[in-house]
Amino acid sequence: MKTLTITRPDDCHLHVRNGAILKTVLPHTARQFARAIIMPNLKPPVTTVAQALAYRNEILQVIPEGVNFTPLMTLYLTAATTLEEIKRAAECEHVYAFKLYPAGATTNSDAGVADVTKIYPLLAALEKYDLPLLIHGEVTDEDCDIFDRERVFIERYLINIVENFPALRIVLEHATTKDAVEFVNSANDKIAATITPQHLLFNRNAILAGGIKPHYYCLPILKREAHRQTLINAATSGNPKFFLGTDSAPHLTHLKENACGCAGCYSAFAALELYAQAFEQANALDKLEGFASFYGADFYGLPRNVETVTLEKTNWTVSASYDEITPLKTGELLCWKMI
Ligand code: DOR
Ligand code: ZN
């Protein structure tokens, strides 16, 4: 039996929600990953250190017995975020970053930032305290084509942010385009990007061809094949600017299979298997460990994990659902399995 053993990975972009969904999904991530950067887009959003610590406690309570998992908390940046809160976050050992959502860009982003240029004093504070800024990089203009929203965000805002704050560590989250890869490659070494399994495995046909498939709908939306190829090249390049962030984003099935379905793919149940499949298809399994287990930790200044995980080459069928959450590739075969 072919197996693959790598250092235990970290998920540098994860949604676990709260309440009942948290109980279902957190054990999936904790089984595979040593640590995860937890997104703050709850209702209401996690905007203060006090809220982040309360959310952290909620997460700690659902980690299965005997499993070693550390949630790394983030705060939701808003126009009302204060310099004092940023200082508190910098001083808190459990808070690792701030997340910037353009207002209206995605799930629970209403409290996000309407005009990024208005929050430059906050970005200056993040730069001063060396707190990373995690960006959902899409413009929200109604007249901007949804497939262009990432590129336009880079052109309109990101280039300027990087120029103005040269020491600010930035993650362009869930990069989906050739434009994003080129931007990150050409930017200074403070600039990195996460890449999701769905953007490595699928192009936009997965959502739209042969019937509409809401479980492949996420934001930023899947792009055309040429972009997927560029993402594969970036992820398998061994360049430490690109690392693993699943953006696993659970929604109840009825809210995705809906006239106005929610954005988000649930991948945490088999995140590593999905990445292994993408890397194997690119003949680059030897590059998976750096992408999954080293570069994210290095970016966040965390020690690399020392335990290992092992995947076995074996076919299995993805469940119909986990409680009321339909997983990515439901009913289909996966060819790797974590043991
Ligand atoms: O597809 C997505 N789902 N993209 C996001 O940016 C947010 C996420 C969610 O929270 O559901
Ligand atoms: Zn996300």
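What you are looking at is a predicted structure, and each value in this text was computed from that prediction instead of being measured. Just follow the structure's listing: the first ligand is 1, and inside any ligand the first atom is 1. Counting from 1, the numbers follow the sequence of the chain as shown.
- Here side-chain hydrogen bond (donor to acceptor under 3.5 Å, both in side chains) pairs that include residues 202-213, with residues two or more places apart or in two chains, are Asn203-Glu225.
- Taking the charged nitrogens against the carboxylate oxygens, Lys87 and Glu91 do have a contact shorter than 4.0 Å, which makes a salt bridge.
- Distances below 4.0 Å separate heavy atoms of Asp247 from the following atoms of ligand 1: 4 (N).
- Looking at Asn41 next to ligand 1, an N or O pair under 3.5 Å apart turns up.
- Looking only at distances, a side-chain donor or acceptor of Ser321 sits under 3.5 Å from a matching main-chain atom of Asp323.
- Under 4.0 angstrom from ligand 1, there are no non-hydrogen atoms of Met39.
- Considering each of Arg17, His15, His136, the one bringing a non-hydrogen atom nearest atom 6 (O) of ligand 1 is His136.
- The minimum heavy-atom distance between Leu201 and Arg228, with the atom names listed, is C-CD, 3.8 Å.
- Within the 4.0 Å heavy-atom criterion, the part of Ala249 lying near ligand 1 is the side chain and not the backbone.
- Ring to ring, Phe33 and Phe69 are not that close: their centroids are 6.0 angstrom or more apart.
- Look at Glu173 and you'll find every heavy atom at least 4.0 Å from all atoms of ligand 1.
- Each of the atoms 1 (O) of ligand 1 lies under 4.0 Å from some heavy atom of Cys218.
- With hydrogens and angles ignored, the 3.5 Å screen pairs no side-chain donor or acceptor of Tyr55 with any backbone N or O of Leu42.
- Scanning all protein heavy atoms for the shortest distance to atom 7 (C) of ligand 1 gives Thr106 OG1, 3.2 Å.
- For an aromatic pair to be called close, the ring centres must be under 6.0 Å apart, and Phe242 with Phe291 fails this.
- When only non-hydrogen protein atoms are considered, atom 3 (N) of ligand 1 lies nearest to Ala263 O, 3.0 Å.
- The ring of His251 has its center no closer than 6.0 angstrom to the ring center of Tyr266.
- Proximity of a side-chain donor or acceptor of Thr81 to a complementary backbone N or O of Thr78 within less than 3.5 Å is detected.
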Is there a ring-ring contact (aromatic ring centres under 6.0 Å, His included) between His136 and His174 once you walk through the steps?
-> CA-CA 8 Å; His136 183 112; His174 39 57; 4.6 Å; yes
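- Here's the thing with Pro220: none of its N/O atoms is less than 3.5 angstrom from an N/O atom of ligand 1.
- Around the Zn ion (ligand 2), the protein N, O or S atoms found under 2.8 Å comprise His13 NE2, His15 NE2, Asp247 OD1.
- Arg169 places a side-chain N or O within 3.5 Å of a backbone atom of Asp130 that can act as its donor or acceptor partner.
- Ring centroid separation for the pair Phe294 and Phe243 does not come in under the 6.0 Å cut-off.
- The closest protein non-hydrogen atom to atom 1 (O) of ligand 1 is Leu219 N, 2.8 Å.
- The shortest N/O to N/O separation between Gly264 and ligand 1 falls below 3.5 Å.
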